[in-house]
Number of protein chains: 2
Amino acid sequence: MNRSSSTKERILGAAEVLFAQRGFDGASLRQLTTAAGVNLAAVNYHFGSKEKLVEQVFRRRLDALNAQRLAALAKVREAGNGRLEDALDAFIRPALELSHEDSGSLFMRVLARAFAEHDDSLRQFLSENYGHVMRQFTAEFARLLPHLTKEELYWRIDLVTGALTHAMSGFGMIQRKQDVSEGAHREQTIQHLIRFAVAGLTHP
Amino acid sequence: MNRSSSTKERILGAAEVLFAQRGFDGASLRQLTTAAGVNLAAVNYHFGSKEKLVEQVFRRRLDALNAQRLAALAKVREAGNGRLEDALDAFIRPALELSHEDSGSLFMRVLARAFAEHDDSLRQFLSENYGHVMRQFTAEFARLLPHLTKEELYWRIDLVTGALTHAMSGFGMIQRKQDVSEGAHREQTIQHLIRFAVAGLTHP
DNA sequence: GTCTATAAGATGATAGAC
DNA sequence: GTCTATCATCTTATAGAC
């Protein structure tokens, strides 16, 4: 059994937790390797640098998320006369499912940090690797809302994205109540978001 | 003429810029005092610590913003049978005006960082000092949307807040075009947001 | 692949002269 | 109020033994 992959995974897991809690600069390699139970030098050995490690933390979650989104969108398309609700579901559900996973909420905080950082190299990385997903969804929304000008459509998609981002981030005031299961709460969030987005996208 | 207030102001200005660009941890007192053209020791002399300086950077903008919001809300109330659009305008306009000011967009990035930090002491500071504003607006929305349950209303306000936050942050894909003036673009954003929010709040 | 030891440098805070 | 000098501590990265 090769220990290297286990070491890599342990580092990635610890990095996600610590980047969420303390930020990319705030989490030191010392804290990180200690938490992962590996040697201080292991990060540079396995990833090359701290920055490459950050990139891998993103890839691990976002590759899966965007594959799910595109697969769901493809299903909506091939089903023929898709409804707006279904396209929105394809866009929203994988994202919210990720954000409600055990370590997913941690990752959401990592993502929020990345956006707040406003770091161009990181933004470029995200746009290069996942920009095509947004473009495919925009094209589908344009097909389903043919009465809107491009300008108007972009505005509305932008605001939907804002609402989704906010819901994923967990910053809002809505907290899951004790008598509601995790899964039920997620489904509630998805349904609220979809109805809200449909109203916002289709109003005259 | 007392130089101390000028030194304090120069520090606050430089801090806002550098906190936005590099984060609270990322901006060192050395970079900060150099940019402000003051001595390294001046921050600790005038503010006590780096953390107290951060607090003052927030106060300078948020005290003004929330006073404007409450004044606008009071006007809507005293005008009698207010419309939902007017209450939303009171909530949204001061925020978006701040975010479009010269140094306002910088401050928005500072604010985004604070949320991403998820730092409890900072969140507590914000909630203690400005939480009553949100409560007053929620009460007004409840009055204007009596058919919604409290539960449903909270969800929808939360999603509106998400869209507003996103619009303020400037993360979105919508960029001002060259042939549109700064003021016209801001007004466009406000109108899009209000119409989107009205649709999202009132849908059946 | 993993370890220790250490290089080379930045950081927040403060003491004390002016 | 402002300055310099410095403390104690932290950081990333690497060299070299095992």
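All chains are named by letter (A, B, ...) in the order of the sequence lines, taking the proteins before the strands, and each is independently numbered beginning at 1.
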Exercise for the section: Using side-chain hydrogen bond (donor to acceptor under 3.5 Å, both in side chains) as the criterion, point out the one residue from A:H185, A:H100, A:E182 that pairs with A:R176. Expected result: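 The residue from A:H185, A:H100, A:E182 that satisfies side-chain hydrogen bond (donor to acceptor under 3.5 Å, both in side chains) with A:R176 turns out to be A:E182.
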Ignoring backbone atoms, establish whether [X] has a side-chain N or O less than 4.0 Å from OP1 or OP2 of [N].
X: A:S28; N: D:dT11; result: yes
X: B:T7; N: D:dT2; result: yes
X: B:N39; N: D:dT4; result: yes

Practice task
Answer yes or no: is there a donor N or O on one side and an acceptor on the other, between the side chain of A:N129 and the main chain of A:F125, under 3.5 Å?
Solution key: yes
Tabulate protein N/O versus nucleotide N/O from nucleotides 13-17 of chain C, keeping only pairs under 3.5 Å, one per line.
unit_1, atom_1, unit_2, atom_2, d
C:dA13, OP2, B:K50, N, 3.4

Exercise for the section: List for me each residue that meets side-chain hydrogen bond (donor to acceptor under 3.5 Å, both in side chains) alongside B:D89, sequence neighbours excluded, and say none if there are none. Expected result: B:R93
Practice task
Sequence neighbours left out, what passes salt bridge (Lys or Arg N to Asp or Glu O under 4.0 Å) with A:R77? Give chain and number order.
Solution key: A:E140
What is the distance, to the nearest angstrom, from the [atom1] atom on [X] to the [atom2] atom on [N]?
X: A:F47; N: C:dG1; atom1: CZ; atom2: C1'; value: 14 Å
X: B:L32; N: C:dA10; atom1: CG; atom2: P; value: 17 Å
X: B:K8; N: D:dT2; atom1: NZ; atom2: P; value: 11 Å

Exercise for the section: Anything under 30° is parallel, anything over 60° is perpendicular, the rest tilted; go ahead and classify A:F58 against A:F24. Expected result: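 Answer is tilted, since the angle falls between 30° and 60°.
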Problem - Pair A:D63-A:Y130, side-chain donor/acceptor within less than 3.5 Å - result: yes
